[in-house]
Amino acid sequence: MEIDAAAIERNYAAIRRRAGPRRVLASIKANAYGHGVLKVARLLENLGVFGLWTGHVREALALRKAGVATRIVLFGGYLPDAIPDLAAHDLIPTVYDAAGVAAAAQAARQRPLPVYVKVDAGLGRLGVPLSKAKALVQSMRGVPGLRVEGVYTHLPFRDRDGQAWAERAAAGFERLLRELEAEGIAPEVTQLWGSSGLLAGLPDSTNAVCVGHLLYGLSPLARPLEQADEFRPACSGIKASLIHIRQAELHEEPPEMGAGYGRGRSGRTGVIALGAGDGMRGGRGVAQPEVLVRGVRAPVIGVSLEHTVVDLSACGTARIGDEVVVMGAAGEDRITLNDWAAWLGSTPLDVLMAFSGRLDCRLRTQTMNG
Ligand SMILES: *Cc1c(COP(=O)(O)O)cnc(C)c1O
């Protein structure tokens, strides 16, 4: 998998422009949305990001071990008794209930500990309910070593109806922030919107945005991004090798099994060293996926655990060792993540999640003429 460093830099700059005076917190959860968390984290650290946000404890620990020194905040993903250990590794926990506060207070006796409070303003996932949020924040006042660095919520949406819902819920969260302020509590970081709110340009009285999708050039909405100039896909290619070519005999017996890896076909088929175990999908969906061999489309016939069989009828010049472009550009043609999402009836992010952590991610830093 090729990751385009320049695209991430460009996306980050576009996010910065849209965020205006607000801080930009980068969401690197789920292996940086499948793009390889360590390389992405290092890149963002070099860009001077305020902090990295993830819900994956193991990945957060791995970043620290690899020397990433930037602020890392955990969205969640652990039980309260893990909090002292997180603190010991300089990871900032999120708390959203009394048990979390108690564990954080205990950890803060060893060393000063900043925490974030996550509020459920309506999404119905993780967070202290809006009605109990003020009391939870107040309960941390005066606890030795403990400091509420931030208060945040998450209100993602994918369409117009979702946006109307998010705007109503946002009003409740902003009311909470005003109530806290009236009590003399003004956390350093307050954050409401992620990619969808930022893209929609929604009003915001907080001082930060926490962005994932747009950083990677992914659309947070149900439709693909229209801002192709502003945001570029960070994953610029998925490539594998053609390891075998088979010239089937004509009039061969038809296959006895339905899946079909080329048996019973006349013509040329090829085998790619990339299979379901690597995240490759296809062959049984509503549409037939395609890959590019020497810039020519080769339909996917079948995907097995470690190999994919493609139809090479149209690729007369294909040779063993050829690069096969599963995603990306070749010749005049290009296959996109959106194409794969359409073929598989899923989303670009789900396509990335299937490949996530299974492919060697190469960060391409050179420019077109470099
Ligand atoms: C994932 C996540 C974000 C980032 O959302 P995007 O839509 O990817 O920008 C922000 N906040 C929380 C709490 C999240 O879990």
Side-chain angles (χ1 to χ4, degrees), residues 8 11-12 14-16 18-19 22-35 37 40-41 44 49-57 59-60 71-78 91-96 100 115-130 133 149-159 162-163 165-167 169-170 173 176 187 189-202 204 206-225 227 230-231 233-235 337 347-353 356:
I8 296 181
N11 297 341
Y12 180 70
I15 291 163
R16 282 235 57 94
R18 282 177 176 257
R22 290 170 288 180
R23 286 193 174 100
V24 174
L25 324 176
S27 172
I28 54 158
K29 62 191 175 193
N31 192 28
Y33 293 51
H35 294 76
V37 70
V40 170
L44 291 167
V49 74
F50 176 76
L52 304 168
W53 262 246
T54 178
H56 202 300
V57 174
E59 287 178 6
R71 172 191 277 97
I72 298 177
V73 179
L74 284 158
F75 284 130
Y78 45 82
L91 301 174
I92 302 179
T94 288
V95 295
Y96 40 83
V115 295
Y116 281 69
V117 174
K118 168 86 181 280
V119 180
D120 177 9
L123 184 63
R125 199 174 56 188
L126 201 64
V128 57
L130 204 47
E149 182 173 287
V151 176
Y152 69 96
T153 190
H154 190 38
L155 296 167
F157 54 87
R158 290 177 60 75
D159 54 23
Q163 178 173 332
W165 160 82
E167 287 182 80
F173 181 70
L176 166 71
V189 178
T190 54
Q191 179 257 319
L192 162 57
W193 296 124
S195 292
S196 42
L198 189 68
L199 197 61
L202 298 184
D204 184 359
T206 73
N207 63 26
V209 290
C210 182
V211 180
H213 279 78
L214 290 179
L215 199 50
Y216 310 100
L218 295 166
S219 174
L221 306 175
R223 57 169 202 276
L225 277 181
Q227 294 79 349
E230 204 180 350
F231 298 104
C235 174
L337 265 183
T347 66
L349 189 53
D350 278 340
V351 174
L352 283 170
M353 284 300 106
S356 180

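These values consider heavy atoms only, across backbone and side chains, with no hydrogens, waters or symmetry-generated copies. Order of listing sets the numbers, starting from 1, for every ligand and every atom in it.
We find that E230 and R18 are joined by a salt bridge, their nearest charged nitrogen and carboxylate oxygen being less than 4.0 Å apart. Taking 4.0 Å as the cut-off between side-chain N and carboxylate O, R125 and D120 do not count as a salt-bridged pair.
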**Message:** With side chain to side chain donor-acceptor pair (under 3.5 Å) as the criterion, how do S27 and Y33 come out once you've worked through the C-alpha distance, each side chain's angles and the decisive distance to 0.1 Å?
**Reply:** CA-CA 9 Å; S27 172; Y33 293 51; 3.0 Å; yes
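For the pair K118 and Y152, the cation-pi test (distance below 6.0 Å, angle within 45°) is failed.
Within 4.0 Å of ligand 1, counting heavy atoms only, the contacting residues are S27, K29, Y33, F75, K118, R125, Y152, H154, G194, S195, C210, V211, G212, H213.
Rounding to the nearest 0.5 angstrom, the gap separating the CG atom in L221 from the CG atom in D159 is 8.5 Å.
For the pair L25/V211, no side-chain contact is recorded, criterion being any heavy-atom separation below 4.5 Å from C-beta on.
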